Amino acid sequence: MEKITIKLKWFLPPDERDIHLPSYETFGSAGMDVEAAVRKPLPVSPGEIVLVPTGFGVALPPGFELQVRPRSGLAVKHGITLINSPGTIDSDYRGEIKIALVNHSRADFMVRRGDRIAQLVVAPVTRADFEIVVELDVTERGAGGFGHTGL
Ligand SMILES: O=c1ccn([C@H]2C[C@H](O)[C@@H](COP(=O)(O)OP(=O)(O)OP(=O)(O)O)O2)c(=O)[nH]1
């Protein structure tokens, strides 16, 4: 398994670094769970979007991104997911990473300090240039899409 090192900077003063660094929960986890660095419990009403601080920022090596993804348990049990899923952390971003939660349930949800609210997946980035052509090559699918093979 490939492993890279990511520089991480706390955005919290030393006496508020009780938040755990993002970490893999099991040997085979693809994502590192990330904790909420809220000072006090933060309610998320039905339909509401909140930006939750994580207390840290990173400098990714060029050629990598971090994808911010929902946790399935929070989504299925509480309707809590990410409004921008998957969020993109660019390799040149130097601000605090924030998690854009949305509450799709009919009940209030409370985000508490240290709650594992999302997961971060390290991913390689491939960039592309465009080559302008007059015609695209012919395929069996053609312009079929959006369920044209049936549901
Ligand atoms: O869930 C997220 C998504 C983004 N970001 C930060 C890191 C990312 O590098 C930056 C910009 O994100 P993005 O490119 O998705 O936002 P944009 O709306 O295109 O803004 P910008 O014009 O600043 O690039 O915001 C987060 O902290 N959390």
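This is a predicted model, so every value here is computed, not measured. Each ligand, and each atom within it, is numbered from 1 in the order the structure gives.
- Under the 4.0 angstrom criterion, atom 9 (O) of ligand 1 counts as having a protein heavy-atom contact.
- The closest protein non-hydrogen atom to atom 5 (N) of ligand 1 is I89 CD1, 3.6 Å.
- Less than 4.0 angstrom separates atom 14 (O) of ligand 1 from at least one non-hydrogen atom of the protein.
- Less than 4.0 angstrom separates atom 27 (O) of ligand 1 from at least one non-hydrogen atom of the protein.
- The CZ atom of F56 lies 10.0 Å from the CZ atom of F11; values are rounded to the nearest 0.5 Å.
- Taking every non-hydrogen atom of I97 and a distance limit under 4.0 Å, the qualifying atoms of ligand 1 come out as 27 (O).
- Proximity of a side-chain donor or acceptor of R113 to a complementary backbone N or O of V38 within less than 3.5 Å is detected.
- One option in V52, L101, N84, T88 has a heavy atom closer to atom 1 (O) of ligand 1 than any other, and that option is N84.
- Heavy atoms from other residues, nucleotides or ligands lying under 6.0 Å from CG of D15 number more than 12.
- Among the candidates I97, V44, I117, the single residue satisfying the side-chain contact (heavy atoms from CB on, under 4.5 Å) test with V52 is I117.
- Residues S45 and N103 come closest through the heavy atom pair O-CB, 3.3 Å.
- Of all the heavy atoms in V50 and P43, the pair that sits closest is CG1-O, 4.3 Å.
- Under 4.0 angstrom from ligand 1, there are no non-hydrogen atoms of L82.
- P62 places none of its side-chain heavy atoms less than 4.5 Å from the side chain of D92.
- The presence of a protein heavy atom under 4.0 Å from atom 23 (O) of ligand 1 is ruled out.
- Looking only at heavy atoms of the protein, atom 11 (C) of ligand 1 is closest to D90 OD2, 3.8 Å.
- The protein atom (non-hydrogen) at minimum distance from atom 25 (O) of ligand 1 is Y93 CE1, 3.9 Å.
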